[in-house]
Structures are given as structure tokens and as C-alpha cells.
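Here is the structure we will look at.
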There are 2 protein chains.
Amino acid sequence: MIAATQSNHPLATVSDPVPAVSAMNEARARIRLAGLRITKPRLAIIDALLRRHGPSSTEHIHQEMGARRCDMVTVYRCLAAFEQLGMVRRSYLHNGTCLYELTLGAAARHYHIVCKACGSPERVDYLPVKGIEQLLQDRGYTEVSHVVEFFGICPKCQPATARGVSVTVPADLRA
Amino acid sequence: MIAATQSNHPLATVSDPVPAVSAMNEARARIRLAGLRITKPRLAIIDALLRRHGPSSTEHIHQEMGARRCDMVTVYRCLAAFEQLGMVRRSYLHNGTCLYELTLGAAARHYHIVCKACGSPERVDYLPVKGIEQLLQDRGYTEVSHVVEFFGICPKCQPATARGVSVTVPADLRA
DNA sequence: CGGTAAATTCCAAGTCTTGCATGATTATCA
DNA sequence: TGATAATCATGCAAGACTTGGAATTTACCG
Ligand SMILES: [Mn+2]
Ligand SMILES: [Mn+2]
Ligand SMILES: [Zn+2]
Ligand SMILES: [Zn+2]
């Protein structure tokens, strides 16, 4: 999609449970297992994702790479490769751009609601799509996957005049 | 998103139940009701969507407009306006580009599975997301909406060697 | 039939994707 | 282990898709 542009969304990110160094080892193992190569950009990208703790834009990942920064094209291609390996999942912003999130460890599958105003993602635990993919395979489809995404205006972004009392966001939900 | 490019997906489209002329009247009514203006490009775009009977790319819509063709930018903006009015809904291809589909009449909400290879969309009747939006509103979100999209390789696009017998696509499912 | 606000057009910038040549990583073998 | 070759990954450049702004045109209301 894609080119939903000119949108520098400030992305709020919250804490993440993954141990860190073991996550890195798992990532390396998965890459090797798929017959892919361990390269400096790939390690740097995974490292950046680990440090960012949550859905991140390519722009932010690129910045987080610091001195180990590589070409943007490489970021896109690595993320696409990681997605195929199931190491990364993406959320879609309302304008079509994407955020990328590591899915290492035994993290439960979950979805997100993304604010249409500020772009910040919040976790949504909701697993209703199971079984549908099997149904589609019965229809003759292969390599079936799916995307579920919620959009809305988050409490912080709502005009203060609209509702006197703003609902506080449950902080125990990590994006 | 997106700029997933260089992909001229041949889009299979199937039959559509909407009466045609009444759909056009409903469209005009909805536009006026929203305080928007009835313009030649908007009518031509709706007409094109009606003739195409299903999820269509901006490229195809533009071509279908024939002599009444307008600037591509106008196509994008009209579709965005229609989407906000709830007259149009979009499907996302796996590469991030979009298909646009009219939602007039009492058409039931449904989703699509889009082939990652040829981009053809097929209808998926599946309504599990009800209630979740309400839950998110309770969290403090407003203007809540969602996207559900399935991806896969359709039977036609699978390497003939893989499976000797190819499953025929149920033709009674309109995209 | 004007007057006013909105929509369209043209232009340009930003984002994402793809092709091709170059460079790096891994497997193989001495 | 150390060198070589095959293969994959990266960077650069070109192209496609989408969005924003300013000026012009159009629709709608008296
Ligand atoms: Mn998450
Ligand atoms: Mn449909
Ligand atoms: Zn927000
Ligand atoms: Zn296909």
C-alpha cells in the first residue's frame, strides 16, 4: 500500500516481557533454520525491535539502529523476510502504512487498536479467527494468513471539550 | 501504504445483486445527506464501481470511467470520501495496495480472501468482530472501525505440479 | 443568473517496491 | 584451519502509489 505518506506518527510503546538475550538467540536460530544468512543488518534490525518493545515503524527502526544503520530498502526486505518466518507481525495504520512487531518466545497471538490521530497501538486480545483459515484451506487456498486491525481515536487524542472526564487507558495492556 | 507497485493484478470479479439504478439513487442521496456535492467525477466513479461488480483497484476504476475519466487524484479523494460515508469499503492486498467495493443496499457485512499471487478477491462471510468494537468504546476509543483480511494462494495460482487435482472455486460466492 | 463555498486539477513530495550490479556469508574442500 | 566458489543479501536507482497544497473550475443556493 502502499504509499500512505507524509505521516510521522509518534508511536507510544510500552514494556515487553521477552528476556532479551535469549530472544536474540532464538532469532538467529530461526533465521538459520530457514536457510537464510545471519547478516549485520538483520541482527541490527532485530536488536532495534527488541529495544523498542512494541510495534514500530520502519522509520523508527531505522533510527534505532544508530551507527549500524543500513539502507531503508534493506529494512523493508529484512522485515518482509522475518514476517515470512513468523518472527515479525505487522499492524496496519489507518492510512495503510505499517508497524512491525517481534513475535518471539511463546507470545500469544493478539491484535491491536491503532489510533487514527496519533498512531499509537494498543493491545487487543481477541482470537476469533481460528478455524476460518482451515475453512479457507478446504476451499483450496494455501499459505493462508490473516490480518485483523482495529482503528479509533484514543482517549488522549479526543477533543477535551467532547467529554469532561477522560477514561484512563489500562496500562497493563502492552502493545 | 503504501506503494506496492508494478503489480497489475488481473482482478476476477463476479456478479452483484444490486438493482443498479436504485443503487445510483441511493448513492446520490447519501452524498447529499452528508452535505457533499454531486459532481460528474463522483457519479462516474460510482457508475464504474457498479459496472465492475466487486472489489476494484483505482486503476481499473479509472479505466472503467472511459470518456468521463478524471484525474487520478480525484479518484483517490472521492473514494476516501465515499469510505467515510460508509458507501465504500476497501480490501487490502497482501502488498498493501487497496481494492474498493461499493456497499449500498442492505448488503451484509462480509470480508474477503485475496490471492497473494493474482490479487483476485473472494467473498468470506464471517462476522465474529461484533461486540469487540463496543468493548473498545468502553475503553475510551471513539470512531471505532476494523479491518479483517485473509490472504492465501488461490487454487488457480498453485503450481500444477503440487496437487494433481485442483479444487474448483465455488462460483456462488461473489467477491 | 451571479455569488460563495466546495471540489477538481495540476504539480510536487514522500513512501514503498522492484531490477540489477556489487558485496558479504556460508559451504566445500584441501 | 584457510582458501575458493556458490549463493544469498545489500545498495543504488528507477518506478509506482498515495497524499498535500495552490489555483482554477464547478455545484448549489438564493
Ligand atoms: Mn503487540
Ligand atoms: Mn465483496
Ligand atoms: Zn491517539
Ligand atoms: Zn490467484
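Quick note on labels: first sequence line is chain A, next is B, and so on, each numbered from 1. What you are looking at is a predicted structure, and each value in this text was computed from that prediction instead of being measured.
For B/Arg68, the salt bridge (charged side-chain N to carboxylate O under 4.0 Å, His left out) partners two or more places apart in sequence, or in a different chain, are B/Asp47. Taking A/Glu133 as the reference, nothing meets the salt bridge (charged side-chain N to carboxylate O under 4.0 Å, His left out) condition, with sequence neighbours excluded. By the side-chain contact (heavy atoms from CB on, under 4.5 Å) test, A/Gln137 is found to be paired with A/Gln134, A/Val144, residues two or more places apart in sequence or in another chain being considered. A/Thr74 is linked by a side chain to side chain donor-acceptor pair (under 3.5 Å) to nothing, counting only residues two or more places apart in sequence or in another chain. For B/Glu143, the side-chain contact (heavy atoms from CB on, under 4.5 Å) criterion is met by A/Lys116, A/Ile153, not counting sequence neighbours.
Taking only side-chain nitrogens and oxygens, B/Thr58 never comes nearer than 4.0 Å to OP1 or OP2 of D/dC17.
Across its full length, the helix from C/dC1-D/dG30 to C/dA30-D/dT1 shows an angle of 30° between the axes of its 5 terminal pairs at either end, rounded to 10 degrees.
The shortest distance between side-chain heavy atoms of B/Ile45 and B/Met65 falls below 4.5 Å. Counting heavy atoms from C-beta on, the side chains of A/Val148 and B/His146 never come closer than 4.5 Å. Taking 4.5 Å as the limit, some side-chain heavy atom of A/Leu79 sits within range of a side-chain heavy atom of A/Ile61. The closest side-chain heavy-atom distance from A/Pro55 to A/Pro121 is below 4.5 Å.
At whole-Å resolution of the value, NZ in B/Lys40 and C1' in C/dA6 are 16 Å apart. Separating the OH atom of B/Tyr92 from the C1' atom of D/dC17 is a distance of 14 Å, rounded to the nearest angstrom. A/His62 places its NE2 atom 12 Å from the P atom of C/dT15, with the value rounded to the nearest Å. Taking atom OH of residue A/Tyr76 and atom C1' of nucleotide C/dG19, one finds them 18 Å apart after rounding to whole Å. As a whole-Å value, the separation of A/Arg90 CZ from C/dT17 C1' is 11 Å. Rounded to an integer number of Å, the gap from A/Leu79 CG to C/dT15 P is 16 Å. The interatomic distance linking B/Glu59 (CD) with D/dG15 (P) rounds to 17 Å, in whole Å. D/dC17 atom P lies 17 Å from atom CZ of B/Arg77, rounded to whole Å.
Residues B/Ile38 and B/Val75 share a single hydrophobic cluster, defined by chaining ILVMFWY side chains whose heavy atoms lie under 4.5 Å apart. Linking ILVMFWY residues whenever their side-chain heavy atoms come closer than 4.5 Å, directly or via other members, places A/Val88 and A/Met72 in the same cluster.
Residues from residues 65-75 of chain B with heavy atoms under 4.0 angstrom of DNA chain C, sorted by number: B/Cys70, B/Asp71, B/Val73, B/Thr74. Within residues 25-38 of chain A, the residues approached by DNA chain C to less than 4.0 Å at the level of any non-hydrogen atom are A/Arg32, A/Arg37, A/Ile38, in residue-number order. Residues of residues 81-88 of chain A that place a heavy atom closer than 4.0 Å to DNA chain D do not occur.
Checking D/dC12, D/dA27, D/dA9 against every side-chain atom of B/Thr39, the shortest atom distance belongs to D/dA27.
Sorted by first then second residue, the salt bridge (Lys or Arg N to Asp or Glu O under 4.0 Å) pairs that include residues 75-89 of chain B, not counting sequence neighbours, are B/Glu83-B/Arg90.
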What pairs of donor and acceptor atoms, side-chain ones from residues 25-36 of chain A against any protein atom, are under 3.5 angstrom apart with sequence neighbours left out?
from, atom 1, to, atom 2, distance (Å)
A/Glu26, OE1, A/Gly105, N, 3.0
A/Glu26, OE2, A/Arg30, NE, 3.4
A/Glu26, OE2, A/Arg30, NH2, 3.1
A/Glu26, OE2, A/Gly105, N, 3.4
A/Arg30, NH1, A/Gly86, O, 3.3
A/Arg30, NH2, A/Thr103, O, 3.4
A/Arg32, NE, A/Leu36, O, 3.3
A/Arg32, NH2, A/Leu36, O, 3.2

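Checking A/Glu122 against B/Tyr141 by side-chain atom types alone, a donor-acceptor pair falls below 3.5 Å.
Across all strands shown, B/Arg42 has heavy atoms under 4.0 Å from sugar-phosphate atoms exclusively, and none from any base.
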